[in-house]
Amino acid sequence: MNDDPNEKTVSSTWDRPFVPPESCPQKADVVIIGGGIVGVSTAWFLAKQGVDVVLCEKGHIAGEQSSRNWGWIRIQGRDRRELPMMIESMNIWRGLEVEIGEDVGFNRGGCLYMARNEKQLRKYADWITTARSFGLDTQIIEGKELDQHVSGASSQWLGAMYTASDSRAEPHKATPAIGRAAERSGATLLTSCAVRGIETEGGRLSAVVTEHGSIKTSTALCAAGAWTSMLCRSLGISVPQLQVRGTVARTSPADVILNGNVYDDRIGLRRRQDGGYTIAHGSVLDHFITPSTFRFAFKFLPALVKEMGALRISIGRPFFDELGAPSTWALDEESPFERTRVLNPQPNPRVLKRFCKSFNEVYPQLAGTRIVESWAGMVETTPDVVPVMCEHETIPGFHIATGLSGHGFGIGPGAGKALAAMLTGNDVGIDMKPFRLSRFFDGSPIRPESTI
Ligand SMILES: Cc1cc2nc3c(=O)[nH]c(=O)nc-3n(C[C@H](O)[C@H](O)[C@H](O)COP(=O)(O)OP(=O)(O)OC[C@H]3O[C@@H](n4cnc5c(N)ncnc54)[C@H](O)[C@@H]3O)c2cc1C
């Protein structure tokens with residue numbers, strides 16, 4: 001692994017040469033596929049227990065979603081099924097920098113969902129019942145109280161849902177830092193090392209096949225983010241998963257008008273450790289129609305209806321790219337994962353222009369602040385916008401962790417802890433039934449509670 005802890009830009013996480021590993025271990029207790037926050041957190045928790053774990057990442061650690069996100073560590077507004085894991089995750093985040101001895105930009109700055117009118121405020125007030133049942137500090141604030149959290153806010157908004165304990169961190173620092181902690185605890189992290197598939201013996205997982213050789217193992221975790229559905233399909237496993245593109249930017253250092261995260265339907269804003277802000281559109285996501293859209297359309301219908309206002313749907317090259325991609329491949333030949341080492345979508349210039357305009361209108365006190373970097377990321381999601389985390393019943397030993405949607409950075413360390421327990425047969429301490437893949441096939445109702 002070759003991650004510079006002092007790197008300054010977000011794109012430096014992925015915009016650098018690929019250096020293949022010098023060698024590939026021949027065996028391991030556990031092999032993890034994917035070096036995003038879920039993969040490295042699981043590797044860290046496993047290594048701390050003395051498990052011999054090897055993580056294979058086709059590109060760079062945190063090259064995809066895990067460095068490109070907004071950096072919100074948010075409990076408020078989540079789906080109830082995710083809350084126990086998220087509460088555990090927040091506890092891990094709070095002690096993370098001390099435990100790993102590295103800076104990840106963690107700050108307990110709070111989170112606000114702003115409401116312009118009574119209807120929006122009532123919707124947020126509904127979630128307070130959920131918050132109370134989980135003992136959370138979420139509350140509704142109104143009028144001048146808003147100004148204590150965002151200067152000048154009461155002139156823009158009626159009220160807000162506010163959680164003081166919600167937090168933020170720097171995505172481009174956090175996942176590589178957890179990766180280094182995993183290595184210090186004994187994990188092996190291989191970058192530029194794509195996994196092509198698996199081998200089985202007597203129906204059980206027996207090896208993970210990488211571009212640099214096979215690793216004999218009885219346990220694997222596929223934490224491949226946006227690539228999970230494709231990899232699993234090649235193994236005969238259907239994982240309903242679709243992707244949306246999110247466009248993000250960061251500003252130069254500017255006046256402190258808030259310390260945490262603020263959302264309204266025009267703009268999402270987070271204070272950055274470097275004194276600037278990470279900004280994005282509050283409610284626009286691009287979905288490119290692909291053959292998967294049709295394959296999974298029925299299952300995604302409830303989520304599509306819920307997100308209809310936010311989605312900008314188009315058809316173009318991604319449709320033909322996916323149509324032309326193989327669904328299976330020989331394990332001794334180059335796979336699609338080596339052909340795209342880093343999924344690096346271009347930011348949508350129209351969305352960028354719109355949220356920069358909103359930034360100036362909604363936050364006139366920051367007028368003149370420059371945009372210094374922009375990027376995009378593909379968010380992957382499941383039909384009920386809740387993750388899949390389970391062992392697959394037809395291939396004992398093969399586990400899947402995917403579909404963390406637009407909330408996976410915050411829950412990542414908690415997911416890693418739960419998955420490490422699951423992989424070693426220990427008590428997870430959390431009900432994992434809501435995360436089983438089979439819920440999409442056994443007739444269970446598909447009910448998205450939160451947005452992507
Ligand atoms: C624009 C945007 C904004 C977001 N904002 C937030 C936010 O504010 N808060 C929040 O909590 N979440 C947010 N998210 C969501 C969050 O980033 C993701 O849920 C989370 O990072 C997912 O982590 P992961 O480890 O599952 O996947 P990823 O980070 O995508 O990692 C998967 C890795 O697997 C690798 N891989 C794939 N296939 C193979 C293979 N065959 N062999 C080897 N390696 C492979 C990939 O290269 C990739 O590095 C946002 C996401 C985006 C894109």
Side-chain angles (χ1 to χ4, degrees), residues 10 13-14 31-43 55-75 78 82 86 89 93 111 166-169 171 174-175 178-179 190-198 208-211 220-232 234 241 243-249 261 263 268 270 278 280-281 285-286 335-345 347 351 374-381 385 387-389 400-416 419 452:
V10 174
T13 315
W14 64 82
V31 177
I32 296 175
I33 307 163
I37 193 155
V38 175
V40 300
S41 299
T42 309
L55 180 149
C56 304
E57 163 55 53
K58 66 181 168 58
H60 300 300
I61 298 297
E64 297 192 349
Q65 297 174 90
S66 294
S67 60
R68 295 162 191 262
N69 64 71
W70 297 6
W72 294 36
I73 301 173
R74 168 181 65 82
I75 290 188
R78 277 188 184 255
E82 288 183 351
M86 184 58 221
S89 202
W93 275 109
C111 183
D166 274 354
S167 304
R168 59 179 164 92
T175 299
I178 300 170
L190 307 174
T191 54
S192 306
C193 183
V195 168
R196 293 175 173 167
I198 61 166
V208 168
V209 182
T210 82
E211 62 180 306
L221 174 71
C222 177
W227 300 86
T228 307
S229 193
M230 181 185 229
L231 181 61
C232 287
S234 76
Q241 182 182 42
Q243 298 172 22
V244 292
R245 176 179 63 174
T247 295
V248 194
N261 316 311
Y263 169 90
R270 170 179 71 84
T278 290
H281 199 292
L285 292 165
D286 298 307
S335 71
F337 310 111
E338 289 127 273
R339 273 172 236 139
T340 307
R341 296 240 173 239
V342 175
L343 188 58
N344 186 21
V351 173
S374 64
W375 64 90
M378 298 305 281
V379 187
E380 39 91 23
T381 188
V385 200
V388 166
M389 294 184 201
I400 301 168
T402 198
L404 282 91
S405 306
H407 349 121
F409 179 64
I411 208 171
L419 288 161
I452 294 171

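Note that the structure is predicted; figures quoted are calculated from it, not measured. Order of listing sets the numbers, starting from 1, for every ligand and every atom in it.
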Would you mind telling me if ligand 1 is within reach of the side chain of [X], the backbone, both or neither, using heavy atoms under 4.0 Å?
X      : answer
Trp227 : side chain
Ala223 : backbone
Ile33  : side chain
Arg68  : backbone
Cys56  : backbone
Phe409 : both

Can you list the atoms of ligand 1 that are under 4.0 Å from a heavy atom of [X]?
X      : result
Gly377 : 53 (C)
Ala194 : 42 (N), 43 (C)
Val379 : 51 (C), 52 (C), 53 (C)

Please state which protein non-hydrogen atom is closest to [atom] and give its distance, to 0.1 Å?
atom                    : answer
atom 47 (O) of ligand 1 : Glu57 OE2, 2.7 Å
atom 44 (N) of ligand 1 : Lys58 N, 3.0 Å
atom 15 (C) of ligand 1 : Ser405 O, 3.0 Å
atom 1 (C) of ligand 1  : Val248 CG2, 3.6 Å
atom 26 (O) of ligand 1 : Val38 CG2, 3.5 Å
atom 31 (O) of ligand 1 : Gly36 CA, 3.4 Å
atom 41 (N) of ligand 1 : Val195 O, 3.0 Å
atom 2 (C) of ligand 1  : Asn69 CA, 3.7 Å

Verify, without hydrogens or angle tests, whether Glu57 (side chain) and Gly34 (backbone) share a donor-acceptor contact under 3.5 angstrom. no
Gly412 near ligand 1 by a heavy-atom separation under 4.0 Å: no
Are Arg341 and Glu211 ion-paired here, with the side-chain N under 4.0 Å from a carboxylate O? yes
